[in-house]
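Notes to accompany the following structure.
Because only heavy atoms are used, hydrogens play no part in the values below, and waters and symmetry mates are left out as well, while side chains stay in. Just so you know, ligand 1 is whichever comes first in the structure, and atom 1 is the first atom listed for that ligand. Nothing here was measured: the structure is a model prediction, and the numbers come from that model.
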Amino acid sequence: MTWETIIGLEVHVQLATRSKMFCGCPTTYGEAPNTVVCPVCLGLPGALPVANAEAVRLGVRGAQALGCTVHPVSVFARKNYFYPDLPKGYQISQFDRPLATDGAIEVETPERGTIRVGITRLHLEEDAGKSLHDRIPGHTAIDLNRAGTPLAEIVGFHDLRSPAEARAYLTTLRQLLVYAGVSECSMERGSLRVDANLSVRRPGEPLGTKTEVKNMNSFANVERALEAERARQVALLEAGGVVEQVTLTFNAGTGEVKVLRAKEDAHDYRYFPDPDLPPLVLDEAWLAAEQRGLPELPAARRARFIEAMELPAYDTGVLTAEPAIADYFEAIVAAGTDPKTAANWVMGEGLASFNETGRFAVAPARIAELAALVAAGTVSLQAARKIHAELVGRDASPIDVAERLGLVQVQEVGALEAWVDAVIAAHPDEVARFRGGEGKLIGFFVGQVMKRSQGTADPKAIQPILKSRLAG
Ligand code: ZN
Ligand code: MN
């Protein structure tokens with residue numbers, strides 16, 4: 001008998017603001033410890049928080065991109081707990097009146113096709129500081145630079161049925177938030193963090209006890225961690241044991257999950273409305289204007305690429321993975337290149353440099369010029385790739401580079417005829433066989449002409465000349 005896996009994810013993303021959630025401290029990354037702090041984010045007595053309007057706007061934008069209902073009135077609440085890196089003794093969050101609820105996103109999954117995953121809620125909160133366990137031997141150091149960083153917590157409904165679906169959901173969610181400009185969503189830099197809840201049950205039975213897995217630093221590791229936790233729960237149940245409600249941590253080195261602590265219940269946090277902050281009231285007309293101003297989202301862009309540009313679905317998926325890739329592709333098309341050719345350049349040479357450096361090395365207009373040279377037969381595709389390599393990191397005209405490197409193909413009829421005649425004269429046997437019906441020898445003759453021209457002849461221009469000479 002099989003087990004059904006039930007997964008729900010909570011994702012924290014850092015909102016892409018320049019300053020913190022309730023003070024003016026910058027959100028710059030990688031500063032010396034405890035240097036970007038002030039009385040507000042240090043929780044000093046008497047300091048008063050003021051909500052960051054840009055953080056609110058980005059939270060609204062994220063909620064709208066996820067199809068949520070944004071509430072005109074929401075409330076900031078104190079989530080009370082004691083931890084060394086939480087200077088106030090509470091985190092400002094939202095509890096019973098969150099910014100937004102009841103959204104859903106469509107996710108392409110490996111096993112079940114397109115599924116709908118509910119978004120239970122999106123609320124605003126501030127981040128805590130950081131405990132550093134490896135900085136001072138035998139001690140824990142506290143860095144409060146992160147304290148007060150604006151976050152959106154996105155709670156997904158437990159609609160996911162496998163670790164692979166969890167990964168697909170995260171990929172889709174990240175793509176949406178990056179497109180909407182809400183967050184950088186980098187797990188490496190800590191601007192996207194995932195807590196995963198998993199339980200198993202026999203199909204048709206009530207939900208089993210869920211556990212929470214933390215400490216995963218990539219989407220691939222979320223999938224691995226959930227596979228390990230599923231295996232652990234199934235083994236436990238099949239041996240007649242019970243699943244305890246615990247929090248586990250994933251060790252990417254061993255691929256194992258380890259119990260960290262028994263899970264606290266929500267009421268332990270003694271939530272109450274923050275008396276220092278008024279309710280967050282949003283104007284309905286402003287919300288409607290924000291909804292209209294939402295940038296084109298990935299699904300719409302994919303549909304447009306397939307319909308208006310007649311691109312294959314595979315290409316479309318690659319090109320829309322990130323807005324920067326799609327923008328680059330569209331700029332090449334706008335410069336006059338046909339979409340499929342532009343797609344090939346982006347997916348080949350373009351992505352090679354983008355994946356390495358995070359940016360495209362050659363200007364879209366230069367790619368368009370290069371593609372035009374290939375289309376006109378001025379250079380071969382192979383030569384164009386060499387020219388592209390020369391254009392990386394420096395702006396130059398592709399035709400100038402082609403001339404400098406001797407990559408311009410000879411298309412002049414007189415020169416081509418001379419090479420063709422020389423090849424025909426040198427291979428009387430093959431000529432006789434060709435004339436006797438061995439049509440496939442045409443490739444041999446083209447190869448010989450290319451060899452004689454030292455690779456400079458335009459192979460497309462050779463064919464008609466060869467054919468007419470060989471016919472005679
Ligand atoms: Zn501050
Ligand atoms: Mn949270």
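Closest approach between the Mn ion (ligand 2) and any N/O/S atom of E153 involves OE1.
Ring planes of Y328 and F360: parallel class, angle under 30° (limits at 30 and 60°). The aromatic rings of Y81 and Y83 sit tilted, their planes meeting at an angle between 30° and 60°.
Annotation for E188: atom CD does not count as buried by contact number, only 12 or fewer foreign heavy atoms lying within 6.0 Å.
Panel detail: the Zn ion (ligand 1) has protein N, O or S atoms under 2.8 Å away, 4 in number.
Between the side chains of N344 and T341, no donor N or O sits under 3.5 Å from an acceptor N or O.
With respect to R304 and E330, a salt bridge is recorded, a charged nitrogen being found less than 4.0 Å from a carboxylate O. R146 and D127 are joined by a salt bridge, as a carboxylate oxygen and a charged side-chain nitrogen come within less than 4.0 angstrom of each other.
Between F95 and Y269, the ring centre distance reaches or exceeds 6.0 Å.
The nearest N, O or S atom of H123 is not closer to the Mn ion (ligand 2) than 2.8 Å. Metal site remark for the Mn ion (ligand 2): E125 contributes an N, O or S atom at a distance under 2.8 Å.
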